Asker: 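Structure below; questions to follow.
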Amino acid sequence: MPGGDTLPWTRNDALVAVGAAAVDLIGFTLASQIDLGYVPPGGCVLMVVSALPLLARRRAPVLTLAAVLLFGLGLNLSVPVAQHFNATIVVALYTVVRTRRAAVAAPATLAAVTVPLVGLASWPRPRLVEVVGNVATGAIVVIAAIVMTRWQRDIEANRRLLADRAVADERRRIARELHDIVAHHITTMQLMAGGARANLAHDPEVAREALVDLEASGRIALREMRQLLDVLRAGEEPEEAPTAPQPGIGDLERVVSESCRAGLPTALDVRGEERPLPPSVGLTVFRIVQEALTNTRKHAGKAQASVRLTYEPGGVTVEVSDDGAGADADAGFGWGVGAGAGIGAGAGTRAGAGAGARSGYGLVGMRERVVLHGGTLEAGPLDEGGFRVSARLPLKTEEELLPATGEGVLR
């Protein structure tokens, strides 16, 4: 909400305070008409003022409850209308039980039950019905707070479980795609080396030994890669590998066209000198664009999107942005990851999208892919509205890909 960075309370806190004050004011007005035949203005003011401390209930719950009880005590001592466990006290006590340990919540509950009895006409010997009413109300508030706390803990545990499962699924998918890309080239190398050795016309001894070593190296590399994939897939159910070739940079126009046909106008902008990319890098770029456009269609509402692919001397950068509904101010999203880095705190969502919409498992999958290549990923709302996902993937130069010396390299 506007000014949310400067106000010491949130919009929800203000709504709760206003609601509690309205409920208490209605109850006080009815009780005054019945008991006195008129409504004391001073009592109405005290009733409204006693709800103001609820604005600070999240930052200082115990002090908020103390202030509410003091205002209620002043109301009991100044107005001849019995005030018991009103809505303001219920909210203040509920917050204390939710946020503090039992050592603090127990005396707070005792104070909330007993202090409203002070100043009544029946004090210091309040009627049994007054005591039982306050005790029953306090017990209901405490039980409701405990149940809600446990329920939220279960929700959080399920959320973490789903996140871990999503990461495992994405790693399995990455492992499968790496197998389709890397294993193909290693197998080709092995077959070509074996064919060259079998069809040599003059069988030079040195060349033959080099080809034998190349074939053996290819076989060992293939076996080790399969072992690595088995580690990544450990504990997961087997999944059938796709028969279609894996997509890459050349398929960006197709996914952009599909996005347009799905109702999201999308533009593709390619900058820099185009050049072939490693298959794994091209696949990562494609998956980032695909997932980002999918998120936009789900959460951006009526919007337009743009995809920008930039070829740089040392890498490639892909950026997907849209001009849809802005992010929720109370749950702003903005994080960056690098090689080995984790997701930063404060993952937020697009307004109205729900807690898991933009901070969900699609971005977790993007992070896994980008970290695999030692790149960086940034995602978050734009100041002018909309959402942006930007990833940079470094590329090794031809010199870095070659061995330290030229010995042993067959051309």
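Since the structure is predicted, the reported quantities are computational estimates derived from the model, not experimental observations. The first residue in the sequence is number 1, and the count goes up from there.
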Asker: Determine, stepwise, if the pair Arg98 / Thr149 fulfils side chain to side chain donor-acceptor pair (under 3.5 Å).
Answerer: CA-CA 6 Å; Arg98 285 291 312 276; Thr149 299; 2.8 Å; yes
Asker: One thing to verify: whether Asp269 and Arg271 come together as a salt bridge, which I'm taking to mean a side-chain N less than 4.0 angstrom from a carboxylate O.
Answerer: yes
Asker: Would you say that Pro247 contacts Arg287 through its side chain, given a criterion of any heavy-atom pair below 4.5 Å between the two side chains?
Answerer: yes
Asker: Indicate yes or no: at least one non-hydrogen side-chain atom of Ile249 is less than 4.5 angstrom from one of Tyr311.
Answerer: yes
Asker: Give the intermediate values and the outcome of side-chain contact (heavy atoms from CB on, under 4.5 Å) for residues Arg388 and Glu378.
Answerer: CA-CA 8 Å; Arg388 181 181 72 97; Glu378 295 179 356; 3.4 Å; yes
Asker: Tell me, yes or no, whether the heavy-atom count around Glu384 atom CD, taken from other residues, nucleotides or ligands under 6.0 Å, exceeds 12.
Answerer: yes
Asker: In Å, rounded to the nearest 0.5 Å, how long is the span from CG of Asn158 to CG of Leu162?
Answerer: 6.5 Å
Asker: Any idea which heavy atoms bring Leu264 and Ala303 closest together, and the distance?
Answerer: CD1-O, 3.4 Å
Asker: So which heavy atom on Leu54 is nearest to which on Ala20, and how close?
Answerer: CD1-CB, 3.8 Å
Asker: Output the distance between atom OG (Ser306) and atom CG (Asp323), rounded to the nearest 0.5 Å.
Answerer: 8.5 Å
Asker: Evaluate the side-chain proximity of Val370 to Ile288: yes if any heavy-atom separation is below 4.5 Å, no if none is.
Answerer: yes
Asker: To the nearest 0.5 Å, what is the distance between CZ (Phe71) and CD1 (Ile89)?
Answerer: 12.5 Å
Asker: Closest heavy-atom contact between Leu377 and Arg367?
Answerer: CD2-N, 3.8 Å
Asker: Between the side chains of Thr88 and Ser50, is a donor N or O closer than 3.5 angstrom to an acceptor N or O?
Answerer: no
Asker: Would the distance check show the side chain of Asp251 and the main-chain N or O of Arg254 forming a donor-acceptor pair, the cut-off being under 3.5 Å?
Answerer: no
Asker: Does any non-hydrogen side-chain atom of Leu268 lie less than 4.5 Å from one of Val270?
Answerer: yes
Asker: Can a salt bridge be assigned to the pair Glu312 and Arg392 using a cut-off of 4.0 Å between side-chain N and carboxylate O?
Answerer: yes
Asker: Would you call Ser321 and Phe387 a side-chain contact if the rule is heavy atoms closer than 4.5 Å?
Answerer: no
Asker: Are any non-hydrogen side-chain atoms of Val389 and Glu319 less than 4.5 angstrom apart?
Answerer: no
Asker: If you compare all heavy atoms of Ala305 against all heavy atoms of Leu293, which two are closest, and at what distance to 0.1 Å?
Answerer: CB-CD2, 4.0 Å
Asker: Is there a side-chain contact (heavy atoms from CB on, under 4.5 Å) between Asn86 and Met47 once you walk through the steps?
Answerer: CA-CA 10 Å; Asn86 56 28; Met47 185 62 68; 4.2 Å; yes
Asker: Heavy atoms, side chains only, cut-off 4.5 Å: are Val318 and Arg308 in contact?
Answerer: no
Asker: Atom OG1 in Thr10, atom CZ in Arg57: separation rounded to 0.5 Å?
Answerer: 7.5 Å
Asker: Using side-chain heavy atoms (C-beta onward) and a distance below 4.5 Å, is Cys44 in contact with Val39?
Answerer: yes
Asker: To the nearest 0.5 Å, how far apart are CG in Leu77 and CG in Leu46?
Answerer: 10.5 Å
Asker: Quick one: do Arg160 and Glu156 make a salt bridge, cutoff under 4.0 Å?
Answerer: yes
Asker: Considering non-hydrogen atoms only, spot the tightest contact between Arg275 and Gly315 and give its length.
Answerer: NH2-O, 3.5 Å
Asker: Side-chain donor-acceptor contacts of residues 61-68 below 3.5 Å, not counting sequence neighbours, with atom names and distances?
Answerer:
| residue | atom | partner | partner atom | Å |
| --- | --- | --- | --- | --- |
| Thr64 | OG1 | Pro53 | O | 3.4 |
| Thr64 | OG1 | Ala56 | O | 3.3 |
| Thr64 | OG1 | Ala60 | O | 2.7 |

Asker: So, applying side chain to side chain donor-acceptor pair (under 3.5 Å) with Thr284, which one of Arg369, Glu368, His373 is it?
Answerer: His373
Asker: When rounded to the nearest 0.5 angstrom, what distance separates OG1 in Thr317 from CG in Leu393?
Answerer: 7.5 Å
Asker: Thr137 vs Asn134, test: side chain to side chain donor-acceptor pair (under 3.5 Å). Steps then yes/no.
Answerer: CA-CA 5 Å; Thr137 306; Asn134 278 19; 5.5 Å; no
Asker: Quick check: does any side chain N or O of Ser259 sit under 3.5 Å from a backbone N or O of Val255, one acting as donor and the other as acceptor?
Answerer: no
Asker: Does the pair Asp322 and Gln304 meet the rule for a side-chain contact (heavy atoms from CB on, under 4.5 Å), with working shown?
Answerer: CA-CA 6 Å; Asp322 63 74; Gln304 294 182 347; over 6 Å; no
Asker: List the atom of Ala145, the atom of Tyr94, and the distance in Å for their closest heavy-atom pair.
Answerer: CA-CE1, 3.5 Å
